[in-house]
Amino acid sequence: MKVITAKTAGFCFGVERAVNTVYEQIEAHRGETIYTFGPIIHNEEVIKDLEKKGVMVLHTEEELDTLEKGVVIIRSHGVEKRIYDKLNKKGIVIVDATCPFVKKIHNIVQKESNLGKYIIIIGNPEHPEVEGIRGWAGDRVSVVQTAEDIKNLLLCNEEKVCVVSQTTFNYNKFQDLVEIIRKKSYDICVLNTICNATKERQTEAQRIAEEVDAMIVIGDKNSSNTQKLFEICASACNDTYYIQTLDDLNMNQLGSVVKTVGITAGASTPNNIIEEVQNNVRIIF
Ligand code: SF4
């Protein structure tokens with residue numbers, strides 16, 4: 001049995017940095033309550049482990065509002081400027097684990113908005129990363145994700161516009177939408193702020209899925225990037241399995257005709273889970 005594990009499987013740079021930050025803060029702030037604003041990662045195993053170590057998740061802004069002390073860790077998605085202002089006013093310690101690629105977008109939209117430009121964010125308006133970016137862009141900002149959204153923009157023709165993207169937005173779709181915006185006669189500057197980590201993971205997963213007999217995709221059931229990875233692998237390899245941990249994998253499913261198995265994992269899957277699956281698949285076959 002040959003097992004091929006994707007080099008890009010598991011944590012991306014920003015998620016790894018955020019998770020490590022939480023573990024470092026547990027050591028640095030012994031005796032204090034540590035909170036993350038939203039789950040630090042879409043992975044039940046990691047969240048349970050952090051809970052055992054006393055880290056609490058604040059799920060809503062209302063919960064954040066009730067805090068009087070403690071340490072609040074901002075996750076890799078980042079948050080609106082007003083959240084920093086609110087926590088600073090309360091004197092709560094902020095530990096910022098915003099991914100530097102996302103922070104760069106905050107800085108761009110803040111600077112361009114201060115220069116008087118209208119900000120257009122290409123992305124999903126309900127995604128926390130986009131909500132965060134929007135919160136650094138001032139009052140003159142729109143989020144678009146379809147041609148229809150662009151049609152509905154009510155800006156004057158010579159408006160100075162700065163266009164940025166959600167980091168995980170599909171590159172081809174981004175290009176198509178930028179072309180539509182260009183047809184309006186705005187004075188535009190476009191900054192491609194898409195992060196390559198997602199694209200590289202998907203490309204490698206597809207390449208492996210095309211050459212193996214069975215493919216295993218590991219990740220939390222609520223992780224949207226793992227779901228997307230599963231779709232890509234399933235369309236390239238009929239024998240594709242979506243598991244959260246080794247316990248979900250029925251080894252009997254991998255029939256005796258299977259000679260090669262590929263493994264990939266979403267951005268929120270820890271290395272120990274990937275290694276456990278990899279080692280067990282190797283032992284059994
Ligand atoms: S996908 Fe890219 S931008 Fe998002 S957290 Fe990972 S490294 Fe940062």
Side-chain angles (χ1 to χ4, degrees), residues 6-25 36-43 45-47 50 57 72-81 83-84 94-111 119 121-137 143 145 162-175 190-206 217-220 222-233 264-271 273-274:
K7 291 192 182 71
T8 51
F11 289 176
C12 63
F13 156 76
V15 169
E16 181 162 30
R17 182 175 171 274
V19 172
N20 287 345
T21 300
V22 182
Y23 284 101
E24 282 159 20
Q25 293 303 314
T36 63
F37 187 32
I40 198 78
I41 180 175
H42 288 296
N43 187 285
E45 306 296 314
V46 176
I47 297 296
L50 290 172
V57 180
V72 173
I73 303 175
I74 309 290
R75 58 187 176 166
S76 58
H77 291 322
V79 292
E80 301 92 314
K81 182 177 180 302
I83 300 289
Y84 292 85
I94 303 172
V95 176
D96 195 352
T98 305
C99 176
F101 299 134
V102 177
K103 195 70 222 164
K104 188 175 147 198
I105 310 176
H106 293 175
N107 294 337
I108 290 170
V109 298
Q110 187 178 37
K111 181 173 158 237
I119 308 294
I121 305 164
I122 296 182
N124 173 357
E126 280 158 26
H127 192 283
E129 179 195 307
V130 174
E131 288 173 353
I133 297 168
R134 191 183 181 126
W136 290 85
V143 180
Q145 61 178 341
C162 169
V163 182
V164 294
S165 173
Q166 180 180 347
T167 56
T168 47
F169 205 77
N170 177 288
Y171 179 71
N172 294 335
K173 213 171 151 198
F174 170 77
Q175 292 283 76
V190 178
L191 293 145
N192 172 5
T193 48
I194 294 173
C195 166
N196 285 335
T198 310
K199 180 75 187 148
E200 283 167 8
R201 185 195 316 274
Q202 291 174 353
T203 306
E204 191 189 20
Q206 173 154 6
V217 181
I218 316 166
D220 195 272
N222 297 319
S223 154
S224 60
N225 80 82
T226 312
Q227 287 162 10
K228 179 76 189 156
L229 213 49
F230 173 74
E231 282 166 30
I232 290 168
C233 292
T264 188
S268 40
T269 310
N271 263 343
I273 295 180
I274 302 170

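Read the numbers this way: they start at 1 and go in the same order the structure lists the ligands and their atoms. Computed from a prediction, not measured in an experiment: that's the story for all the values here.
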I want to confirm something. Looking only at heavy atoms, which of P100, C195, G78 is nearest to atom 3 (S) of ligand 1? C195
Atom 8 (Fe) of ligand 1: of G14, C12, C99, the nearest heavy atom sits on C99
Check: T8/E200 side-chain N/O donor and acceptor closer than 3.5 Å: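 No.
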Pairing donors with acceptors under 3.5 angstrom, does anything connect the side chains of Y84 and D96? yes
Exactly one of N43, I47, I41 should register a side chain to side chain contact (heavy atoms under 4.5 Å, CB included) with E45. Which one does?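 So the option named by the test is N43.
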Numbered atoms and elements of ligand 1 in range of T167, under 4.0 angstrom, heavy atoms: 3 (S), 4 (Fe)
Spell out, as yes or no, whether a donor-acceptor pair under 3.5 Å connects the side chain of S165 to the backbone of T167. no
